[in-house]
2 protein chains.
Amino acid sequence: MEEDVEVSENLNNHLNYYQKEDQVLLAVDCIIFGFDKENLKILLIKRNFEPEKGKWSLIGGFLKKNENLDEAAVRVLETLTGLNDIYLEQIHTYSKIDRDPGQRTISVAYYALIDVDSHHFDGIQIDSAHWFDISEAPELIFDHNEMVQKAKARLKRRALSKPIGFELLPEKFTMRQLQNLYESILDKKLDKRNFINKINSLDVLIKLDEKDMSVSRKGAYLYVFDKDKYEKKVEEDGFIFKI
Amino acid sequence: MEEDVEVSENLNNHLNYYQKEDQVLLAVDCIIFGFDKENLKILLIKRNFEPEKGKWSLIGGFLKKNENLDEAAVRVLETLTGLNDIYLEQIHTYSKIDRDPGQRTISVAYYALIDVDSHHFDGIQIDSAHWFDISEAPELIFDHNEMVQKAKARLKRRALSKPIGFELLPEKFTMRQLQNLYESILDKKLDKRNFINKINSLDVLIKLDEKDMSVSRKGAYLYVFDKDKYEKKVEEDGFIFKI
DNA sequence: TTTATAAATGTAAAAAAAACACTTATAGGA
DNA sequence: TCCTATAAGTGTTTTTTTTACATTTATAAA
């Protein structure tokens, strides 16, 4: 039934102006970055359908008639994680003719940022999903490696110009964790004092009277990101977040 | 005939793995920036077909089976300008359900950079096309205004980090023209001496023994962009172009 | 009480960016 | 041919930002 409607809509509906044009399948694929207070991770799944069944892959899905691409990406992510409040951003659209040997498919890549620990999703919803350390991720199907490369580059750029990191951290975090995150994303060591000075000069963190005692004997103060303050700054004086 | 083949391929071919998925029309729309040595421009057309016939629009076209998106964008641009060596970059994919009242269409926006004068295209190939000063562009159909906004922001970012400007200038140009271009893109006045010092410190221009006498009595030295040197620098020492 | 460990802290030097004004070459007009 | 008007060309100082760098402190565990 559904298919009949589809054919009729696409080829026979007199309200359509573009009847002679080729149609394509449009997919979304999500590069899901996570952070566990130590290392940057990526969430991958083992494909359980053909083609390329059994190989590692990004999670993806096809765009449906009744949703836009952002909504499709949210849906796809919810299917995997059970979460629907995940930070998502569109990156690039991939269209090589034979990129998917199954059928001509164009794919819109999104990247997502998740705090691995504090979003304790109800167990990942697909058994074969696995968090890989970003440096230890396996080869992926199709052009998914290329997508991941681009997403990493984008993440790096955004980390330098937006307070993107706070999507990847628990609500309360230590300076060391924030620095670990930036070091993972930028893939280089940073000087501790300079980093703290820089962050403090941005004036968008609130230092709590609370310490995380789980790592050191002295304990480390916890901070929260002051989103309102950040947004007010951006609005009022075109504040530029720049690390 | 062609349509028969299409239906059969999409719905009946046993090599297709994704038969039950919805298909969509995929378009490309091009934000064509130009520069005439004075001002940043945008090339728009008056649509000569429904819907929204007669309104100003970006130039666009539908993706075909035998091409990828970059190729589609090149084809669309060639149709309009007769040129096929234009700098193009994908920006974003737009998918709001009712963005095109004609039919559900997803559109991939590209931006293009053209030197208005020295690419003297054989007259623009579509009569209704017109170069608008970027600040005087008319309202556009669908979500094209949004696309232009994003393209402008992207152009700004890229101008600060890549020698993008040289796509928009004639081969030989004066420092004043380069500064005009940057001022147009960044939408602010720059100090002449600081600008020249900055550009010279990048060391990617060749100063010619030739002057442009068309603007001042004194004449202004002409420069060319040393693309090889630029690329060698990027490769060898990760040279960062930053204005 | 001692010890081991990560946290917390500030300053000086170097580099980059911004502010700033006068001289020069030439065409065109007097 | 001399004068004038106009944009081109040129450096230095100040300010801001970035980088480099080492010691003390709080606490839990031994």
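Every heavy atom of this structure was used, including side-chain atoms; hydrogens, water molecules and symmetry mates were not. Letters A, B, ... mirror the listed sequences (proteins, then strands); counts begin at 1.
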Below the 4.0 Å mark, does [N] have OP1 or OP2 next to a side-chain nitrogen or oxygen of [X]?
X	N	result
B:Lys192	D:dA8	no
B:Lys188	C:dA18	no
B:Arg193	D:dG11	no
B:Arg176	D:dA7	no

Go nucleotide by nucleotide along DNA chain D from the 5' end; which of A:Gly219 and B:Tyr223 gets its closest nucleotide reached first? B:Tyr223
On DNA chain D, more 5' by nearest nucleotide between B:Thr174 and B:Asn194 is B:Thr174
Could you state the atom-to-atom distance from [atom1] of [X] to [atom2] of [N] in whole Å?
X	N	atom1	atom2	value
B:Asp191	D:dT12	CG	C1'	13 Å
A:Gln179	C:dA7	CD	C1'	12 Å
B:Asn200	D:dA8	CG	P	15 Å
A:Ile240	C:dA17	CD1	C1'	14 Å
A:Leu186	D:dT19	CG	P	12 Å
B:Phe195	C:dA17	CZ	C1'	15 Å
A:Asn197	C:dT9	CG	P	10 Å
B:Asp212	D:dG9	CG	C1'	15 Å

Please produce a list of atom pairs where a protein N or O lies less than 3.5 Å from an N or O of nucleotides 28-30 of chain D.
residue, atom, partner, partner atom, Å
D:dA29, O4', A:Arg217, NH1, 3.4

Pair A:Glu139 + A:Lys55, salt bridge at N-O below 4.0 Å: no
Parallel, tilted or perpendicular: rings of [Y] and [X] (30°, 60°):
X	Y	result
B:Phe132	B:Trp56	perpendicular
B:Phe33	B:Tyr111	perpendicular
B:Phe225	B:Tyr230	tilted

Cut-off 3.5 Å, side chains only: do B:Ser184 and B:Asn39 have a donor facing an acceptor? no
Are A:Asp212 and A:Tyr221 linked by a side-chain donor-acceptor pair shorter than 3.5 Å? no
Which donor-acceptor pairs under 3.5 Å do the side chains of residues 201-210 of chain A make with protein atoms, sequence neighbours left out?
residue, atom, partner, partner atom, Å
A:Ser201, OG, A:Lys198, O, 2.7
A:Asp203, OD1, A:Lys229, NZ, 3.3
A:Glu210, OE1, A:Lys172, NZ, 3.0
A:Glu210, OE2, A:Lys172, NZ, 3.2

